[in-house]
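Since the model is a prediction, treat every value here as computed from it, not as a measurement.
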Amino acid sequence: MSTPSTPTPIDDDPLGRERAHLSSSRAALRAMREDVESLDISDVTANWVNAQILGRQIEDRIRALADLSDAPLFFGRLDYLHAPGAERAEGAEGERPRPEAAGERPRPEAADQKLYIGRRHVHDGNGDPMVIDWRAPVSQPFYRASKKDPMDVGLRRRFGYTGGDLTAYEDEHLSDPEEGARTSRLLQQEIERPRVGPMRDIVATIQPEQDEIVRSGLGGTVCVQGGPGTGKTAVGLHRVAYLLYAHRERLARTGTLVIGPNRSFLHYIEQVLPALGELSVRQATVDDLVAHVEVRGADDADAAVVKGDARMAEVVRRAVYAHVTMPTEPVVVVRGSRRWRVPAYELEEMVRELLDRDIRYGAAREALPQRIAHAVLVQMERSGEAPDDRVQDAVARNSAVKAAVKAVWPPVDPAKLVLRLLTDADFLAEHAAGVLTEEEQKTIRWAKPVRSVKSARWSAADAVLIDEATDVVERTPSLGHVVLDEAQDLSPMQYRAVGRRCTTGSATVLGDLAQGTTPWATRGWAEALGHLGKPDAVIEELTAGFRVPTDVITYASRLLPHIAPGLTPVASVRENPGFFELRPVSDPAEVVAACEELLRHEGSTGLIAADTRIPVLAEALAAAGIPALSPGEETTHDTRLTLVPASLAKGLEYDYVVLDDPRAIVTAEPDERTGLRRLYVTLTRAVSGLTVTHTSPLPDQLGV
């Protein structure tokens, strides 16, 4: 860390200068916010609808301009050797960034080439940039410049903060051949900084391999395989922020979505994008996307695996189109004194042509009456009449035409269709023939009859089947970009459900094959991407661990040969080794004592245990007078201890972790492989230290 020991006349107080720039930048940001707050729209809107829309846009803009007092407004500085060209401030793929990004364009004729890099753009009263958005192309060298490729940067300066106060800086002279490469102490400190509460952004610590993924284009889908602590979730969220910056107008029209495994996880990550000024990204689980019915039941593992198999898509498709029957009677349309007859063979040609086009069931059903009406209009024209479009629409609405369409191509209720598949053995057998075995059909059939859709005890897998049927009937609207996190736990049918939401857009898929803990867990990314509808996606692998200490990830990696033998173990790049301890205990009170020891450190602590052990440990904590949160509550409480069921630990992280009874975590799962994967997840949640308490012997796979 550098603070010059010998002041020079040119720069006698560099830290003071940087603090002054921080103060000026914060003042400029306040002025930007006040400018928006002072806008008067009373005379510029034509009606109340426009006023409401414009008012909401202004409110969002005000929120986006908020200054986070405990976070640095800028975290780095680039001193360019030459003025960056204006083209470097353009958005990706030639698109212009948001309008205010024009203020980030460094002026080629400017004498001072110092650019401050921060979480958002700030300009002064003249529109000149004071802080450059980290997403701007001109900021890219902050993450990628090196001694080998300085990218026209002479000096890269990193800043250290305590809360929101600038307290240190560190320089790297990229153009000086005599200065050797070294690890940034400030960068390490920022990576290892204790965290309490929800996940935070990593704009100050993005690494070159992460930056390459973050800035990849909107047109392609990227799949990121990353072990624990490699930052794949952060990369996915920052990629959304970057795409919204570079393609804001396009994504404003088409929308963006972040999909997480559960509500606890979404609560944990929900502050990352707002902290970067992005307020419009929706977050949901797969269950939220397919919530056509109320889920009140659960499948056993065998039934869930079959229902989640991609072959079910063909069963559903067959069942939907089985409702189409070939016409046997002509359609007779009466208009005034004339009768127009469309013979059955001509109707059959229309039906077969629509089936051959392979369009959605509902779209074909809407097209059929227009086809029939057109045939009638042709007859009218041949008889000397001159009908127009209004006549064709009237014929299409004729009662005889409606009756014929209803008989040939009846409406289909997706939920009722799936209910019939699951309760009617003959109906299922007819449409699953050659697709599912008789044993598989028996596995998914409900044992008891159900009277109605509302009374059915639908499972999560059933809801996905209904979503599939819904898409066969009517196309699911597509978003511009979808981020899918913890993707390794999705079934093929769930992948299809997500893929429907980005058929004309792109996706960022994040996951770790070693952490798959469902019976249908992903076996390989190529297969999964095929189910998603993105077979040409680029697969990237992150193997550098920035979060998990060396001793912890080394210990957890003993499980890899048993759960994912083909994966590259994560290599921790942490300078601080943290600590790791195996501690035999005899009762819950000793587990609580281990938590008390860790709570003496700064930061958050998680007590992770098999789900069945949670009530016992909760009681022991209460008896000791130690308050504890549930996962997801960290965003609204100051308590530093979270009691985490092993089934909810995935994707979460804590500075310190007490992991209770690994063998209980393994045996709680339906099979050993899944149990060992669950254990791998729970072992890798610690950022600074891990204490493993155990009353029973540790699993053999953790042996030396």
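At least one side-chain heavy atom of Val692 sits under 4.5 Å from a side-chain heavy atom of Leu698. Contact annotation: the side chain of Asp512 approaches that of Gln225 to within less than 4.5 Å [non-hydrogen atoms, C-beta and beyond]. Side-chain contact check for Glu653 versus Arg547: some heavy-atom pair is nearer than 4.5 Å. Residues Pro449 and Thr423 have side chains not in contact (no heavy-atom distance under 4.5 Å, counting atoms from C-beta outward). A 4.5 Å side-chain heavy-atom check between Val570 and Thr684 finds every atom pair outside the cut-off. Counting only heavy atoms from C-beta outward, the side chains of Val498 and Tyr495 never approach each other to under 4.5 Å. Residues Leu683 and Leu702 have side chains in contact (heavy-atom distance under 4.5 Å, counting atoms from C-beta outward). Counting heavy atoms from C-beta outward, Ile269 and Val258 have side chains that approach closer than 4.5 Å.
The aromatic rings of Trp409 and Tyr361 lie tilted to each other, with the angle between the two planes from 30° to 60°.
For the residue pair Ser696 and Arg663, no side-chain donor N or O sits within less than 3.5 Å of a side-chain acceptor on the partner. If you check the side chains of Asp299 and Ser459, you find a donor sitting under 3.5 Å from an acceptor. For the residue pair Gln488/Glu486, the side-chain donor-acceptor check at 3.5 Å is satisfied.
Residues meeting the salt bridge (Lys or Arg N to Asp or Glu O under 4.0 Å) test with Arg685, sequence neighbours left out: none. In this structure, the side chain to side chain donor-acceptor pair (under 3.5 Å) partners of Asp485, at least two apart in sequence or on a different chain, are Thr233.
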As a quick check of understanding, evaluate side chain to side chain contact (heavy atoms under 4.5 Å, CB included) for Leu422 and Leu428, giving each step before the final call. CA-CA 7 Å; Leu422 298 176; Leu428 176 61; over 6 Å; no
Could you walk me through whether Val681 and Arg677 satisfy the side chain to side chain contact (heavy atoms under 4.5 Å, CB included) test, starting with their C-alpha distance in whole Å, then the side-chain angles of each, then the deciding distance to 0.1 Å, before giving a yes or no? CA-CA 6 Å; Val681 171; Arg677 287 184 168 184; 5.8 Å; no
Side chain to side chain contact (heavy atoms under 4.5 Å, CB included) for Leu641 and Leu621? Distances and angles first, verdict last. CA-CA 10 Å; Leu641 177 65; Leu621 289 169; 3.8 Å; yes
Side chain to side chain contact (heavy atoms under 4.5 Å, CB included) between Leu243 and Arg239, intermediate numbers included: CA-CA 6 Å; Leu243 292 175; Arg239 176 159 158 72; 4.0 Å; yes
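Thr642 places no side-chain N or O within donor-acceptor distance of the main-chain N or O of Pro631, the cut-off being under 3.5 Å. Gln210 places a side-chain N or O within 3.5 Å of a backbone atom of Thr230 that can act as its donor or acceptor partner. Looking at Arg678, its side chain never comes within 3.5 Å of a backbone N or O of Val666 through a donor-acceptor pair. At least one donor-acceptor pair under 3.5 Å links the side chain of Thr518 to the backbone N or O of Asp489. Under the 3.5 Å distance criterion, the side-chain polar atoms of Thr443 are left unmatched by any main-chain donor or acceptor of Asp302. Remark: the backbone N or O of Ser455 is paired with a side-chain donor or acceptor of Arg296 at under 3.5 angstrom. A donor-acceptor pair under 3.5 Å is formed between the side chain of His323 and the backbone N or O of Val320. Between the Thr508 side chain and the Gly236 main chain, no donor and acceptor come within less than 3.5 Å of each other. Glu527 places no side-chain N or O within donor-acceptor distance of the main-chain N or O of Gly524, the cut-off being under 3.5 Å. Of the possible donor and acceptor atoms, one in the side chain of Asp611 sits under 3.5 Å from a partner among the backbone N and O of Ala646.
For the atom pair OG of Ser280 and CZ of Arg248, the computed distance is 7.0 Å after rounding to the nearest 0.5 Å. The CG atom of Leu490 lies 9.0 Å from the CG atom of Leu532; values are rounded to the nearest 0.5 Å. Rounding to the nearest 0.5 Å places CD of Gln494 at 10.0 Å from CG of Leu289. Rounding to the nearest 0.5 Å gives a distance of 10.5 Å between CG of Leu465 and OG1 of Thr470. Atoms CG and CD, from Leu513 and Glu541 in turn, are 9.0 Å apart once rounded to the nearest 0.5 Å. Note that the NZ atom of Lys534 and the OG atom of Ser506 stand 7.0 Å from one another [nearest 0.5 Å].
Scanning all heavy atoms of the two residues, the minimum distance from Asp462 to Arg457 falls at OD2-O, 4.4 Å. The two atoms that bring Val464 and Ala497 nearest to each other are CG1-CB, 4.5 Å, heavy atoms only.
Within 6.0 Å of CZ on Arg475 lie no more than 12 heavy atoms contributed by other residues, nucleotides or ligands.
Ionic pairing of Asp471 and Arg496 is not present here: no N-O contact between side-chain nitrogen and carboxylate oxygen is shorter than 4.0 angstrom. Note on Arg365 versus Glu474: no salt bridge recorded, every NZ/NE/NH1/NH2 to OD/OE distance being 4.0 Å or above. Between Arg311 and Asp309, at least one side-chain nitrogen of the basic residue sits less than 4.0 Å from a carboxylate oxygen of the acidic one, meeting the salt-bridge criterion. Remark: Arg420 does not engage Asp413 in a salt bridge, criterion side-chain N to carboxylate O under 4.0 Å. Using a 4.0 Å cut-off between charged nitrogen and carboxylate oxygen, Glu314 and Arg318 count as a salt-bridge pair.
His431 has its ring centre less than 6.0 Å from the ring centre of Phe427.
Pairs of residues two or more places apart, or lying in two chains, that qualify as salt bridge (Lys or Arg N to Asp or Glu O under 4.0 Å) and include a residue from residues 282-291 are Arg263-Asp288.
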